[in-house]
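Notes follow the structure.
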Amino acid sequence: MTMIANTIYEGDNKDILPNFPDKSVDLIYADPPFFSNRHYELIWNDGAEIRAFEDRWKGGIYNYVEWMKERIQQCKRILKDDGTMFLHCDASANAHLRILMDEIFNGNFLNEIIWCYETGGRATKFYPQKHDTIFWYSKTKDYNFYYDQVALPRDTSTMHESIYVDEKGKKYQRNIKNGKEYRYYLDKGTLPNDWWTDIQAINPSAKERLGYPTQKPVALLKRIINTASKQGDLVLDPFCGCGTTLVASHELKRNWVGIDVSPTACKLMRDRLRKSYSISVEIMRGKEDIAYLKKLPPFEFQNWVVAGYFLGRVSDRKSSDMGIDGYTSIQDGVNPIQVKQSEDVGRNVVDNFETAIRRAKKKKGYIVAFSFGRGAYEEAARVKNQEGLDIELKTVKELLDERR
Ligand SMILES: C[S@@+](CC[C@H](N)C(=O)[O-])C[C@H]1O[C@@H](n2cnc3c(N)ncnc32)[C@H](O)[C@@H]1O
C-alpha cells in the first residue's frame, strides 16, 4: 500500500503508517484517543444510525505511552526534514506524552499550546478542566513557520508605546533594549500567545457539529495548518475522527491524508467531504482480514458488511430488532441483510430471517456470518424450493475474496 494524497485510510495506523514513504509529509496533526478509557455510543442525528466511538486503549498509562510511541516514531519518519508535528492531548496523559515527544523529536520542542474553551458541565470539587494541550515539535531546527498566515492585527488600543512612521511611511511601534531598537510594524500583525482563548469548542447548536464525540472545531485546525504549511503542502492526520483536519486542509488548499481505525468514522468523513465540497474520496482499507473483522465492535462490523460490502443502508434500531440489520443498494433491489458476527450459524437463524423477509414483503435476502452449520444450508435450500424465497448465506471469507 503506498500513500495517495487526498485519500482516507481505514485501519490501525500502526499497520498503515509503515507503508508511507520517508520524508513525505509537511505537517502532522494527531488527536489520539485520550487516556481516559471512556466508551461512547450515540444515536446519529435522526436516530437512523448508531455511531460510536471507543477509546481503543485498555490498560495502564505505561501501556498507553508504549502504544503511542511506535505511532509517533512512524510519524517522525514520515515528516519531511522541515516538517512539524502537533500532538493534541489532555490532562490525563500530557505529562507522559511531553516526555515521549521530547525523546522522539530530540528535544526539538516549539510550543505547548493551551487551547481554552467553555463547555457545559462544571466541576464543584476542583477547578473546571476547560483546556487541552497541544504540543508542537519540529523534526529539525530548520522548520516551516508561516508568520503572516497566523499573525493577528496589532491591537494598538491597549499598548502604551507611541506609534512612529518610518522613511517609507510605514507605521511601527518600538522597544529599545540594551540600546538596540526593535521595530514592530503594525501591518505585520502580531502572533497570538501560546494560550488560545479565541477559538470556541463546538457547542451543541454549532453548524459544523456532527454529533461525533471529540470533534474539534475547523477554526482550530485552520490555525494549526496555517502555522506550518502552505498551499499545495501535504497534511497527515493519523487519528482523523470525523475528518476535521481533512476539511480544514481542503478549504485551505492543502493536500491531505487521513487514517482512522473506525469504518464508521471513515464513511462519515467521506460523506462530510462529499456533501460539503462535492468531492469524491476513496477509502483504502488496511490489513482487513478475518481476525480484524472478528474484533470490530458489532455496529462497526454491521457497517462494514452493509455499507462497505453491499453498498447499502444500515437499518435503524427498530428494524434491526425485527431481524433486518440493513438493506442492499437500489441496484440490488433493496433486499434485507442480516449480519451475524459469529461462527456456525444454525437453522433457527434462517427460519427467523425467513419471517423477517416476509414481513418486509421481499423475495430475497442475505445472511452474513463467519461460518454456517449444515442445518442453515439445508433450511435455506428448503425455503428456496418450497417457499420460493431466496436466502443467500454468505461467509465473511467469501465477501473478502470477492472484494479482492
Ligand atoms: C479524539 S478522536 C479524533 C477526533 C478528530 N480530531 C475530529 O476532529 O473529529 C480519535 C480518533 O482516533 C481513532 N483511533 C483510535 N485508535 C486508532 C488507531 N489505532 N488507528 C487509527 N485511528 C485510531 C478513533 O476511531 C477516533 O476517531
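No experiment lies behind these values; they were computed from the predicted model shown. For reference, positions follow the sequence shown, starting with 1. Counting starts at 1 for both ligands and their atoms, following the listed order.
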Atoms of ligand 1, numbered as shown, that sit under 4.0 Å from any heavy atom of W67: 16 (N), 19 (N)
Numbered atoms and elements of ligand 1 in range of D12, under 4.0 angstrom, heavy atoms: 18 (C), 19 (N), 20 (N)
Atoms in ligand 1 with a heavy atom of K216 nearer than 4.0 Å: 6 (N), 7 (C), 8 (O)
Sub-4.0 Å atoms of ligand 1 with respect to non-hydrogen atoms of S262: 25 (O)
Best match, Y29, F239, Y9: closest heavy atom to atom 12 (O) of ligand 1: F239
Electrostatic pair D260:K267 at N-O distance under 4.0 angstrom: no
Ion pair D233/K80, N-O distance below 4.0 Å: no
Interfacing atoms of ligand 1 (cut-off 4.0 Å, heavy-atom, T244): 7 (C), 8 (O), 9 (O)
Parallel, tilted or perpendicular: rings of Y64 and W67 (30°, 60°): parallel
Salt-bridge present (E118, K130; N to O < 4.0 Å): no
Short N-O contact, R382 and E378, less than 4.0 angstrom: no
Side chain, backbone, both or neither: the part of H88 lying under 4.0 Å from ligand 1 by heavy atom: neither
Heavy atom of Q215, distance to ligand 1 below 4.0 Å: yes
Exam field: side chain T328 to backbone N335, donor-acceptor pair closer than 3.5 Å: yes
Y146 six-ring face occupied by K230 cation (under 6.0 Å, within 45°): no
Distance filter under 4.0 Å to D31 heavy atoms, resulting ligand 1 atoms: 1 (C), 2 (S), 3 (C), 4 (C), 5 (C), 6 (N), 10 (C)
Interfacing atoms of ligand 1 (cut-off 4.0 Å, heavy-atom, V261): 14 (N), 15 (C), 16 (N), 17 (C), 18 (C), 20 (N), 21 (C), 22 (N), 23 (C), 25 (O)
Winner among A265, C242, G11, A30 once heavy atoms are compared against atom 9 (O) of ligand 1: C242
Proximal atoms of ligand 1 relative to P238 (non-hydrogen, under 4.0 Å): 21 (C), 22 (N)
Whether over 12 other heavy atoms sit under 6.0 Å from K384 NZ: no
Heteroatom proximity flag, N13 to ligand 1, N/O under 3.5 Å: yes
Aromatic plane relationship, F135 with Y137 - under 30° parallel, 30 to 60° tilted, over 60° perpendicular: perpendicular
